[in-house]
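Let me begin by presenting the structure, written as structure tokens, before commenting on it.
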Amino acid sequence: TLLGRGWTPPARAPAHAPALPAEPPAHTLAEVLFCQPAMPSLGLALAFDADQLFWFDFPGSRWTPRLPDLPPWPPALEPPAQLLHDATLCQDLRRSLTALATGLLPESKGIPVADVFTVRPPVLGEPNTLVCMVGNIFPPAVEISWQLDGIPVTQEVTHTHYTPTDDLAFVRFSYLPVTPATGDIYTCIVTREGDNASVIAYWVPQNPVTSEVLETALCGAAMALGILLALLGIAMILVSRRSAHGKARTPGSPPVGR
């Protein structure tokens, strides 16, 4: 069950109105509360254009910033008691709707989509961070795990809370500090509760070609191509001269001499 409220700028003027300067793109500030029988049973997030700003810690009854640099959320705007009341209402509504819809309506589920990338351009032997971005999550109940060469990795792994998206789904991120080496195979495994199948995404470090080596290779290829074209041009000139000389002589006539 999703309960949300958001704000977007008012609609623009009709097409027949006088032309106005181009407006900046519209932004959305959304606050989404979800409740479900799976874990986590409750979730509340404040997002700006699908970027999570705060999430509500229900056991601690406080807003927690997504990034440590964000200022604390003013508790007077939404008292924790009011948010807890909304969470109770969400759970009651979910139980009532479940009793009415069970056996009549199919359960809505999304197939998660995973993508693995690095925070910085990868360099072999230098520390970096792998990011597993999992989108199209619904309901928000997935487990994200890591493996290196088929061996589970749990040390220093961190996960974000679920962030709502415009299509009524959720996205979640998982982070793994790594020092990539040749031959490593990293695996991000996404498992949905109650499913026997998992979504898997791989990341294999590549040995990138440095810019100097690439420039040298390109210069060498350009020089080789230039020499080849020059030789081809000389050969075409010689062939054309021989052809012209052969046409100038009449067949069977003796050569002209002094």
Side-chain angles (χ1 to χ4, degrees), residues 32 34-60 63-70 107-210:
V32 176
F34 70 83
C35 55
Q36 59 186 2
M39 294 298 295
S41 59
L42 287 172
L44 175 61
L46 185 69
F48 180 75
D49 286 350
D51 291 328
Q52 187 181 108
L53 300 179
F54 295 88
W55 61 275
F56 190 74
D57 179 12
F58 280 99
W63 285 100
T64 302
R66 168 68 179 84
L67 299 175
D69 296 336
L70 289 175
E107 183 179 1
S108 177
K109 286 188 176 182
I111 300 177
V113 179
D115 186 21
V116 180
F117 52 90
T118 56
V119 172
R120 296 179 299 277
V123 178
L124 296 179
E126 294 188 6
N128 209 324
T129 301
L130 279 181
V131 182
C132 184
M133 182 181 70
V134 185
N136 196 40
I137 301 174
F138 192 86
V142 296
E143 292 291 335
I144 305 176
S145 59
W146 291 90
Q147 289 184 358
L148 171 58
D149 297 333
I151 301 175
V153 179
T154 57
Q155 188 175 4
E156 298 185 281
V157 173
T158 57
H159 308 289
T160 65
H161 289 262
Y162 296 95
T163 300
T165 57
D166 293 338
D167 55 356
L168 299 181
F170 294 86
V171 63
R172 193 183 189 191
F173 297 86
S174 181
Y175 300 91
L176 173 65
V178 298
T179 301
T182 303
D184 287 346
I185 300 178
Y186 290 91
T187 309
C188 176
I189 304 175
V190 182
T191 305
R192 197 169 52 184
E193 183 174 333
D195 286 357
N196 295 325
S198 299
V199 176
I200 300 177
Y202 296 95
W203 185 82
V204 179
Q206 303 292 331
N207 190 7
V209 180
T210 60

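Just so we're clear, the structure is a prediction, and the values are computed from it rather than from any experiment.
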Hey, are the side chains of W203 and P122 touching, using non-hydrogen atoms and a 4.5 Å cut-off?
yes
Do I189 and T191 come close enough that some side-chain heavy atom pair is under 4.5 Å?
yes
Distance, nearest 0.5 Å, that separates CG of D167 from CG of N136:
6.5 Å
Please report the shortest heavy-atom distance between T179 and P127, naming the atom on each side.
OG1-CA, 3.8 Å
Does the side chain of N128 reach to within under 4.5 Å of the side chain of V119, using non-hydrogen atoms?
yes
d(L44 CG, W55 CH2) to nearest 0.5 Å is 10.5 Å
Take atom CG of D49 as the centre, draw a 6.0 Å sphere, and report whether it contains more than 12 heavy atoms from other residues, nucleotides or ligands.
yes
Keeping to residues at least two apart or across chains, list the salt bridge (charged side-chain N to carboxylate O under 4.0 Å, His left out) pairs with something in residues 183-196.
K109-D195, R192-D195
Heavy-atom nearest pair, P140 first then P40, reads O-CD, 3.6 Å
Between the CG atom in L46 and the OG1 atom in T163, the distance rounded to the nearest 0.5 Å is 10.5 Å
Please report whether the ring centroid of F54 lies less than 6.0 Å from that of F56.
no
Looking only at heavy atoms, which two atoms of G183 and D149 are closest? And how far apart?
O-OD1, 3.8 Å
Look at the rings of Y162 and F34 and say which category their plane angle falls in: under 30° parallel, 30 to 60° tilted, over 60° perpendicular.
perpendicular
Please examine the side chains of F173 and I144, heavy atoms only from C-beta on, and report whether any two atoms are closer than 4.5 Å.
no
All heavy atoms of A181 vs all of L124, minimum pair found to be C-CD2, 4.1 Å
Side-chain contact, heavy-atom cut-off 4.5 Å: W146 with V116?
yes
Taking every non-hydrogen atom, the tightest pair across A141 and Q36
CB-NE2, 4.0 Å
Output the distance between atom CD (Q52) and atom OG1 (T165), rounded to the nearest 0.5 Å.
12.0 Å
Distance (rounded to the nearest 0.5 Å) between D57 CG and H161 NE2
7.5 Å
Would you say R172 and T160 make side-chain contact, with heavy atoms under 4.5 Å?
yes
OH (Y202) and OH (Y186) are apart, to the nearest 0.5 Å, by 15.5 Å
Should L176 and C132 count as side-chain neighbours, where that means a heavy-atom distance under 4.5 Å?
no
Minimum heavy-atom separation for V171 and G135, please, with both atom names.
CG2-CA, 4.1 Å
Do the side chains of L168 and F138 get nearer than 4.5 Å, heavy atoms only?
no
Quick check: are there more than 12 heavy atoms from other residues, nucleotides or ligands sitting under 6.0 Å from CG of L70?
yes
With a cut-off of 6.0 Å (strictly less than), are more than 12 heavy atoms of other residues, nucleotides or ligands near CZ of F117?
yes
